[in-house]
Amino acid sequence: MRDRQSLVRAAGAATAALLLLGCGAFDPGSANTPTVSVAPSPTPTTGQPVNAGSLADAVSGGVLTERLRELERITGAADGNRSPGSQGFEAAAQYIEEELAATGFYDVRREGFTIQVPHPGRSELATDDRVVNQIPLSFSPGTPAEGISGRLVEPVDGDGCSASDWDESVAGQFALVTRGGCSFEQMNRVAAAAGASMVIVTNHQEGGLYGTLNGMRPEFVPMTGVTRSEGDRLRARLMAGELQLRFSFEQRIESWDTFNLVAETRGGDDQNLLMAGAHLDSVPDGPGMNDNGSGSVVLLETAVQLAARPDPPRNKVRLVWWGGEELGLLGSLHWVNTRVADDPQAIERLAAYVNVDMIASPNYVIGVYDGDGSDFPDEGLPAGSGDIEAIYTAWFDSIGQPWLPVEVGSSSDHAAFMPSGVPVGGLFTGAGDAKSADEQAIFGGQAGQEYDPNYHSAAGTFDNVNQVALEVNGKASAHVIGTLADDTSMITDGPREPAWAQGFGYAGTV
């Protein structure tokens with residue numbers, strides 16, 4: 001998971017209300033308490049009914065612990081991490097494939113894609129008398145060592161987003177455009193097709209321009225961004241007469257082949273499909289047992305127990321272990337954008353997407369994605385996301401487990417589904433931010449300390465995972481997946497239009 005800005009801070013009446021519910025048995029002196037003790041309540045206080053035979057009952061904290069230990073052993077025996085292209089990622093995927101195959105319940109496949117990671121070096125844009133402040137766009141092609149040169153040319157009409165905006169004067173020259181008319185990719189493609197040797201894009205507001213071309217493409221030409229004030233200077237010089245520039249940029253693009261691991265039930269209503277996912281990759285710096293070994297083993301054990309139920313789910317269920325999340329949600333972006341391009345009905349058939357990412361932080365809180373926007377009202381989430389939140393919170397309330405709403409944000413794989421209007425939900429126990437005193441009062445742990453002080457580090461081991469959080473969140477995730485596998489009628493049906501999901505940092509080819 002990529003770090004979130006913050007968790008909501010419980011205060012005043014909200015804190016008092018949560019404290020009345022009681023809390024899980026968190027022992028500050030033993031972050032790895034192996035069992036969960038919660039105050040039971042016979043009926044939920046909010047949301048949907050909770051069945052006694054919920055899939056949560058079948059998911060054991062002890063088994064989750066065993067699976068996480070095994071994942072750490074597999075990771076350590078390989079590269080010590082599960083970054084894209086690593087032996088650790090491959091070995092972990094093989095483990096999950098073998099466990100799924102043993103159920104005989106799923107069609108399992110790998111969906112491959114290529115990850116590109118840019119390694120930019122020195123760059124310079126200059127006129128005959130000054131160096132221009134600029135930053136090349138991520139994935140911009142480089143130049144020959146001697147650089148390139150040309151005169152500055154603006155569109156003859158429009159904003160540079162259509163072929164008709166350029167005439168033959170741009171051939172071999174530097175095209176100057178303003179951000180906002182269309183995507184950087186389109187600006188680049190149009191100018192390159194007209195013969196431009198590079199593109200300079202000026203910001204439409206104050207501040208620097210930090211953009212991405214979302215992957216290397218053979219048709220792209222070098223592209224750099226400048227501030228609005230720099231753009232104004234360039235245009236003033238151009239109005240005074242011809243302006244010659246030179247540009248040099250050292251760029252190296254590293255590519256790795258990786259994949260998403262997909263398991264799909266052989267039966268169930270494929271017109272009303274539930275999708276759930278957990279990213280399997282880690283950062284290169286460590287084994288990633290919390291981020292996201294925790295979600296990966298919860299999704300695996302949920303899959304095994306779903307297959308073992310006496311009655312198969314009514315709806316088709318697709319479970320995905322994503323690759324490349326830590327480099328910018330690349331696996332989920334690949335999945336969504338491939339369907340948008342080739343099979344948009346596959347997205348229209350999705351009833352919901354449930355995310356399982358980073359749910360066992362050592363200094364945890366129980367955070368539920370704020371799907372109804374009651375605490376973070378400016379997120380503009382897809383209709384139905386609040387209904388998924390209600391299923392989580394009803395289960396927590398039924399066992400007397402306190403929880404807090406957390407900002408949904410765009411820091412994990414659910415973000416790829418939101419532009420298409422797919423309802424999303426999930427849990428989060430915290431990353432690099434510090435726990436508040438109010439949160440300590442509710443969940444125990446240590447105020448002023450990070451939720452996960454080992455976040456994205458070599459210390460992200462099994463010993464630094466909280467087993468209480470792993471079990472309670474594993475059961476909650478299984479309950480939501482099991483509930484929606486049987487019935488999605490409680491989810492509000494909102495506008496659905498398959499839409500391209502933009503990159504969140506680095507990008508992979510699709």
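- Side chain of Ser296 to main chain of His279: a donor-acceptor pair is present (N/O by atom type, distance under 3.5 Å, no hydrogens or angles).
- Remark: the backbone N or O of Met358 is paired with a side-chain donor or acceptor of Asn292 at under 3.5 angstrom.
- Put simply, the side chain of Thr488 never gets that close to the backbone of Leu484: no donor and acceptor are under 3.5 Å apart.
- Contact check on Glu111 versus Arg318 returns no salt bridge, with no Lys/Arg side-chain nitrogen under 4.0 Å from an Asp/Glu carboxylate oxygen.
- Side-chain atoms of Asn355 and Phe428, non-hydrogen and from C-beta on, never get closer than 4.5 Å to each other.
- The environment of CD in Gln271 is crowded: more than 12 heavy-atom neighbours from other residues, nucleotides or ligands sit within 6.0 Å.
- Side-chain atoms of Glu325 never come within 3.5 Å of backbone atoms of Leu280 as a donor-acceptor pair (strictly under, hydrogens ignored).
- Within a 6.0 Å sphere centred on CD of Gln345, heavy atoms belonging to other residues, nucleotides or ligands number 12 at most.
- Classification of Arg237 and Asp128 as a salt-bridged pair holds, one side-chain N sitting under 4.0 Å from a carboxylate O.
- By the 4.5 Å heavy-atom criterion applied to side chains, Arg235 and Thr202 are counted as neighbours.
- Salt-bridge annotation for Arg130 and Glu230: present, with a side-chain N of the basic residue lying under 4.0 Å from a carboxylate O of the acidic one.
- Formation of a donor-acceptor pair under 3.5 Å by the Ser385 side chain with backbone atoms of Val424 is found in this model.
- Taking each heavy atom of Ile135 and Leu209 in turn, the nearest pair found is CB-O, 4.2 Å.
- Residue Phe113 is tested with Leu333, Thr338, Thr258 for a side chain to side chain contact (heavy atoms under 4.5 Å, CB included); the sole match is Thr258.
- Using a distance-only test at 3.5 Å, with no hydrogens or angles considered, a donor-acceptor pair links the side chain of Thr143 to the main chain of Phe249.
- You'll find the side chain of Trp335 reaches within 4.5 Å of the side chain of Trp322, heavy atoms only.
- For Asp487, the CG atom counts as densely surrounded, since its 6.0 Å shell holds more than 12 non-hydrogen atoms of other residues, nucleotides or ligands.
- Side-chain contact between Asn473 and Thr429 is present, with at least one heavy-atom pair separated by less than 4.5 Å.
- Pairing each heavy atom of Glu185 with each of Phe220, the nearest pair is O-CE2, 3.9 Å.
- Here the side chains of Pro498 and Val340 are in contact, with some heavy-atom distance below 4.5 Å.
- At distances below 3.5 Å, at least one donor-acceptor pair connects side-chain atoms of Asp370 with backbone N or O atoms of Phe376.
- One N or O on the side chain of Asn260 and one on the backbone of Gly323 form a donor-acceptor pair closer than 3.5 Å.
- At least one side-chain heavy atom of Met187 sits less than 4.5 Å from a side-chain heavy atom of Met223.
- Residue pairs meeting the disulfide bond (SG atoms under 2.5 Å apart) criterion with at least one member in residues 121-184, sequence neighbours excluded, are Cys161-Cys182.
- Residues Met216 and Pro141 have side chains in contact (heavy-atom distance under 4.5 Å, counting atoms from C-beta outward).
- Between Phe105 and Pro313, the closest side-chain pair of non-hydrogen atoms falls below 4.5 Å.
- Of the listed residues (Asp452, Asn454, Asn290), just one forms a side chain to side chain donor-acceptor pair (under 3.5 Å) with Ser361, and that residue is Asn290.
- Residues meeting the side-chain hydrogen bond (donor to acceptor under 3.5 Å, both in side chains) test with Trp321, sequence neighbours left out: none.
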